[in-house]
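Below is one structure, written out as structure tokens; comments come after it.
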Amino acid sequence: MDKVSIVKCADYADAYAAVKKSLDLIGGIEKYVKPGSRVVLKPNYVSRRKPEAAVTTHPAVLRAVIELAESAGGKATIAESPGGPYNAAYLKSVYSACGALEAAEGTDAVINYDTAFEEVPCPGGATVKKLPIIKPVLDADVIISLPKLKTHSMTSYSGAVKNLYGTVPGTYKAELHFRLDERKAFCSMLVDLCETVKPTLAVMDGVWGMEGDGPTNGERRDAGVIMAAANLHALDYIACKMIGYDLGDVDTISEAAARGLFDPSFVEVTGDDPASFGLGDFVKPQTDFNLLKVVSLPPRLNKLVVKMLASRPAIDAGKCVGCGECARCCPPKAISMESGKPDIDRKKCIKCFCCQELCPKGAVKIKRPPLNRFMLKFLK
Ligand code: SF4
Ligand code: SF4
């Protein structure tokens with residue numbers, strides 16, 4: 001039986017007590033962190049955002065986990081490979097904006113600036129046979145994923161397993177997006193990654209979550225929850241149920257269940273009642289999963305229809321400042337800067353939504369073709 005703990009936490013001022021309770025409910029921090037353990041804390045720092053934006057793991061949650069890991073005798077390292085380049089200068093700017101420096105202040109936690117990585121085999125990998133992983137993660141005895149409760153334009157939901165994508169160094173992430181441009185294959189790779197990294201547990205920051213066009217351009221949702229589990233798939237399954245997804249809506253979860261990495265009927269929820277949070281109406285991203293649910297066609301025809309109806313990125317010229325970040329991060333190089341503004345080559349675009357994820361000004365919107373909007377309206 002996989003245990004998932006759920007604890008109410010309406011205010012980050014109460015984060016320590018809530019995180020501690022969430023861990024106590026699954027056996028206590030000492031069950032996972034032993035004296036002398038090298039503990040890597042992997043926050044969700046998808047991009048350089050302030051904690052108030054509700055995009056990244058809040059420093060209060062990170063601080064609570066550092067203190068608890070240290071109380072058990074662990075040596076904590078905060079490590080992230082954010083979206084964008086993987087170099088010390090960029091890492092520093094991300095850690096600083098996201099509040100990692102203040103979270104570590106006065107503790108013995110180390111912030112990782114070492115950009116070394118190694119390519120390692122993925123034993124039993126269904127989609128990839130090897131992956132590059134950042135060094136601190138490979139050297140750790142204990143890995144704690146610290147995701148944010150958010151929706152995600154490409155994968156529907158961004159949780160404990162998706163958060164591990166930040167253990168793959170910088171530009172390799174773009175390469176994987178390019179190679180695995182279909183959502184199912186990409187999510188299968190995320191499951192391979194989870195099996196390779198073998199995280200010890202996850203503590204989810206859902207005090208401020210994000211709904212709509214996550215992981216960076218949605219709306220803050222005060223979900224008021226902290227969750228923890230040793231089985232990341234089980235945690236994601238329960239979190240998704242809470243925010244109104246079915247098992248089949250999120251490919252990382254259905255893939256993990258199909259591979260027997262968790263059994264939905266053998267998950268025990270402990271702590272507060274999931275229904276008491278009232279999160280079932282969480283707004284979903286404007287991408288295509290809803291549509292796929294109502295369209296049932298033979299596979300070939302389905303592929304064609306999906307292509308015709310797929311949502312796509314579009315630039316909001318009023319918000320765009322011409323920084324070029326979207327062009328730099330675009331895996332197939334579908335964006336070129338023309339007269340200081342991005343121009344998207346539709347034929348090259350693989351709809352990974354990295355541009356939307358990493359635009360610092362929220363200037364990349366998701367656009368639905370008219371037929372898509374029509375179908376959603378009338379076929380729901
Ligand atoms: S990242 Fe955003 S602001 Fe920068 S050029 Fe692209 S759309 Fe414009
Ligand atoms: S334009 Fe945006 S959505 Fe399309 S491939 Fe590039 S980054 Fe991905």
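For ligands, and for the atoms within them, numbers begin at 1 and follow the listed sequence.
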(request) Could you tell me which residues satisfy side-chain hydrogen bond (donor to acceptor under 3.5 Å, both in side chains) with Lys21, sequence neighbours excluded, listed by chain and number? (result) none
(request) Would you give the length of the straight line joining atom CZ of Arg259 to atom SG of Cys194, rounded to the nearest 0.5 angstrom? (result) 9.5 Å
(request) Could you find the nearest protein heavy atom to atom 2 (Fe) of ligand 1 and give me its residue, atom name and distance? (result) Cys359 SG, 2.4 Å
(message) Counting the benzene-type ring for Trp, do Tyr12 and His58 have ring centres under 6.0 Å apart?
(response) yes
(message) If we only consider heavy atoms of Ala327, is any one of them less than 4.0 Å away from an atom in ligand 1?
(response) no
(request) Kindly state whether the ring of Phe117 and the ring of Tyr86 have centres lying under 6.0 angstrom apart. (result) no
(request) Name the option, out of Ile366, Ile335, Asp181, that contains the heavy atom nearest to atom 1 (S) of ligand 2. (result) Ile335
(request) Is it possible for you to check whether Lys150 lies under 6.0 Å from the centre of the six-membered ring of Tyr157, through NZ or CZ, and within 45° of that ring's axis? (result) no
(request) Quick one: look up the protein heavy atom nearest atom 6 (Fe) of ligand 1 and list residue, atom name and how far away it is. (result) Cys326 SG, 2.3 Å
(request) Decide if atom NZ of Lys241 counts as having more than 12 heavy atoms of other residues, nucleotides or ligands within a radius under 6.0 Å. (result) no
(request) Determine how many protein N/O/S atoms sit closer than 2.8 Å to atom 8 (Fe) of ligand 2, leaving waters out since they are not shown. (result) 1
(request) Return the orientation label for the Tyr45 and Tyr95 ring planes: parallel under 30°, perpendicular over 60°, tilted otherwise. (result) perpendicular
